[in-house]
Structures are given as structure tokens and as C-alpha cells.
Amino acid sequence: MKSKEDMSNGDFQKLLAISLNDLSIQRTLLENEIQHQREDLRTLEQDQAIEKLERNIMLIKKDYEHFQEFSAPTFDKSEATYDVD
């Protein structure tokens with residue numbers, strides 16, 4: 001297994017961009033699920049499900065903010081290089 005030191009800055013930034021996109025998609029899916037839950041009749045079970053989804057969204061948001069701190073705002077995807085062995 002390679003270490004982080006074996007990764008170029010471009011590769012690292014591309015990995016961050018992919019991760020941030022994935023977190024955004026996960027958050028959107030959870031927000032959509034909350035909306036579906038709210039459209040149904042309210043029950044205690046649904047309220048608990050919504051609370052769980054909201055907690056998951058909060059965790060995703062924290063991860064997104066944390067990883068975004070490492071992301072270079074001017075990253076050019078062409079910087080990513082791959083060694084062909």
C-alpha cells in the first residue's frame with residue numbers, strides 16, 4: 001500500500017474534490033429522505049427517523065467543512081498525474 005507521501009499535491013486535491021462531491025451527494029440524499037418522511041403522517045417512529053437523518057446530515061456537514069479546509073480553491077484538475085508502471 002502506498003502512503004500519502006507517494007501522492008502528488010494534484011492527486012491529493014483531486015481526491016479531496018471527489019470526497020467533497022460524495023459528501024454533497026450524501027447530504028442531498030438524506031435531505032430528500034427527510035422531506036419524504038415529513039410528507040407522510042407524523043408518528044413517533046417517523047420523528048425518530050427524521051432526528052437520525054438530521055444527525056447524519058450534521059456529521060456529513062462537519063466532515064465536509066473539515067475536508068474543505070484542505071482543498072485548494074484554485075486547484076486545476078489537470079495537475080493530477082498518474083505514474084504508469
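Note that this is a predicted model, so its numbers are computed, not measured. Both backbone and side-chain heavy atoms feed into the values below; hydrogens, waters and symmetry mates do not.
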Write down the atom of K4, the atom of F12, and the distance for their closest heavy-atom approach.
CE-CE1, 3.8 Å

The reported gap from CD1 in I60 to CD in Q26 (rounded to nearest 0.5 angstrom) is 4.5 Å

Determine, step by step, whether K2 and M7 satisfy the side chain to side chain contact (heavy atoms under 4.5 Å, CB included) criterion, reporting the C-alpha distance in whole Å, the side-chain angles of both residues, the deciding distance to 0.1 Å, and the verdict.
CA-CA 8 Å; K2 292 185 176 185; M7 185 182 298; over 6 Å; no

Distance col, row N21:CG vs L16:CG, nearest 0.5 angstrom, shows 11.0 Å

Y64 side, atom OH; L20 side, atom CG - distance, nearest 0.5 Å:
5.0 Å

For the CZ atom of F67 and the CG atom of L15, what is their distance to the nearest 0.5 Å?
9.0 Å

What verdict does the side-chain hydrogen bond (donor to acceptor under 3.5 Å, both in side chains) test give for Q35 and E31, after you've listed the backbone C-alpha separation in whole Å, the side-chain angles of each residue and the deciding distance to 0.1 Å?
CA-CA 6 Å; Q35 187 61 35; E31 288 170 344; over 6 Å; no

From K52 atom NZ to I34 atom CD1, the distance as rounded to the nearest 0.5 Å:
12.5 Å

Kindly indicate, with the supporting measurements, whether the criterion salt bridge (Lys or Arg N to Asp or Glu O under 4.0 Å) is fulfilled by R38 and E54.
CA-CA 12 Å; R38 288 190 173 141; E54 287 173 341; 2.7 Å; yes

When you check the side-chain N and O atoms of E5 and S3, is any donor under 3.5 Å from an acceptor?
yes

Flag if over 12 foreign heavy atoms under 6.0 Å of CD, E45
no

What is the distance from atom CZ of R55 to atom CD1 of I57, rounded to the nearest 0.5 Å?
11.5 Å

Determine whether E65 and K61 make a side-chain contact, defined as any pair of heavy atoms from C-beta on separated by less than 4.5 Å.
yes

Looking only at atom types and distance, does a side-chain atom of Q13 sit under 3.5 Å from a main-chain N or O of F70, one as donor and one as acceptor?
yes

